[in-house]
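Got a structure for you, written out below as structure tokens; questions coming shortly.
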Amino acid sequence: MSTDRRGFLKGLVGAGAGAAATGLAGCAPDIDPAPLVNAEKDANRRVVLTVSRYPDLSRPGGAITLRVNGEPQVLVTHPQGTQYVVLSSLCTHSGCPLGFEKNEAICPCHLSRFALDGTVTHPPARSPLRQFSSSYDSDTDELTIDFAAGEEGFPSVVDGKIFFPFAQFPQLQTAGGRVQGTPGGYGTLIFVFALAGGTYAAVDSICTHRQCPVEFREAEDDLFCDCHQSRFTKTGEVTAGPALATGNLKKFTVTSDSTGVTVAIV
């Protein structure tokens with residue numbers, strides 16, 4: 001492993017880099033994580049990159065790892081021509097920083113691979129990478145990444161709140177019902193659960209251990225993080241895994257009336 005590569009891993013994921021480096025040395029070929037770049041965001045949580053300033057990104061087939069204060073670390077890729085794709089930069093198997101080769105995101109630790117839409121193409125990873133909204137202007141050579149962008153058709157944050165009308169989300173009228181999606185203005189997947197007794201819970205989807213995504217599993221009726229097997233209840237309490245040392249999922253205040261459910265995003 002080169003000195004630059006070892007130093008990159010150490011600076012990229014802190015304590016987690018030690019595990020990543022161990023995996024790299026033991027079981028993977030010389031696949032490097034994408035080079036690290038720091039950037040600033042504007043008041044709307046957008047980052048604008050002039051692509052030609054970043055040789056590792058400007059060439060087709062290239063990529064960079066982008067670090068922005070207060071936002072998830074992302075892998076910015078340039079598959080071809082004017083196409084750019086932005087994905088979460090940590091493998092969903094064990095949280096290692098990803099590289100990019102032959103139009104796939106590749107984990108140097110255990111060789112998981114992901115397609116450009118984030119889906120897993122090679123295990124051991126099982127959960128997809130998160131994809132972030134981005135647009136490229138060929139006239140200005142600027143790539144804009146929007147960390148607050150939401151999912152089409154999902155309610156957005158308005159005055160710090162998200163409203164889920166029962167007319168649109170009838171599943172929230174029955175205990176056991178669930179809504180999940182990425183609200184515009186927040187930019188991260190959330191879960192809203194209808195609980196027994198007419199109460200509700202809403203939680204963020206980012207594991208508190210290594211910031212990997214959690215998913216809801218119907219069979220266990222709980223939330224799970226595939227990276228290191230942490231487990232959380234529908235109200236966000238951690239019950240198993242290394243997240244026991246780092247805490248519960250982020251929770252939101254939820255209220256309801258006869259018309260729907262309101263989640264306060266703060």
Would you find more than 12 non-hydrogen atoms of other residues, nucleotides or ligands less than 6.0 Å from Lys161 atom NZ?
-> no

Angle class for the Phe154/Phe164 ring planes (parallel below 30°, perpendicular above 60°, tilted otherwise)?
->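 Rings of Phe154 and Phe164: perpendicular, as their planes differ by over 60°.
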
Hey, do the aromatic rings of Phe147 and Phe132 have their centres closer than 6.0 Å?
-> yes

Just checking, is any N or O donor in the side chain of Gln180 or Arg178 under 3.5 Å from an acceptor N or O on the other one?
-> yes

Same cluster for Leu189 and Ile162 if Ile/Leu/Val/Met/Phe/Trp/Tyr side chains link at under 4.5 Å?
-> no

Does a side chain donor of either Gln73 or Thr65 reach within less than 3.5 Å of an acceptor in the other side chain?
->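 Gln73 vs Thr65: no donor-acceptor pair found between side chains.
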
Modelled atom types, side-chain donor and acceptor of Ser127 and Thr92, under 3.5 Å =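 Thr92 and Ser127 do not have a side-chain donor-acceptor pair below 3.5 Å.
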
Passes disulfide (SG to SG under 2.5 Å), Cys227 versus Cys212? Steps please.
-> CA-CA 6 Å; Cys227 281; Cys212 291; 2.1 Å; yes

Would Phe163 and Val263 count as a side chain to side chain contact (heavy atoms under 4.5 Å, CB included) if you check the C-alpha gap in whole Å, the side-chain angles of each, and the deciding distance to 0.1 Å?
-> CA-CA 6 Å; Phe163 180 59; Val263 177; over 6 Å; no

More than 12 heavy atoms of other residues, nucleotides or ligands under 6.0 Å from CD of Glu220: is that the case?
-> yes

Trace of the side chain to side chain contact (heavy atoms under 4.5 Å, CB included) decision for Leu49 with Tyr54 = CA-CA 9 Å; Leu49 302 176; Tyr54 305 96; 3.8 Å; yes

Centroid-centroid distance, Phe224 to Phe232, less than 6.0 Å = no

CG of Leu57 to CG of Leu143: how many Å apart, nearest 0.5 Å?
->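 Rounded to the nearest 0.5 Å, the CG-CG separation comes to 6.5 Å.
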
Hey, what's the ring geometry for His209 with His228, parallel, tilted or perpendicular (30° and 60° as the breaks)?
-> perpendicular

So, Thr50 versus Asp141: side-chain donor-acceptor pair below 3.5 Å or not?
->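 Per modelled atom types, Thr50 and Asp141 side chains form no pair under 3.5 Å.
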
Is there a side chain to side chain contact (heavy atoms under 4.5 Å, CB included) between Thr233 and Leu223 once you walk through the steps?
-> CA-CA 6 Å; Thr233 68; Leu223 294 154; over 6 Å; no

Any link between Val254 and Val203 through a network of hydrophobic side chains (Ile, Leu, Val, Met, Phe, Trp, Tyr) touching at under 4.5 Å?
-> no

Spell out, as yes or no, whether a donor-acceptor pair under 3.5 Å connects the side chain of Thr246 to the backbone of Thr208.
->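 Confirmed, Thr246 side chain pairs with Thr208 backbone.
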
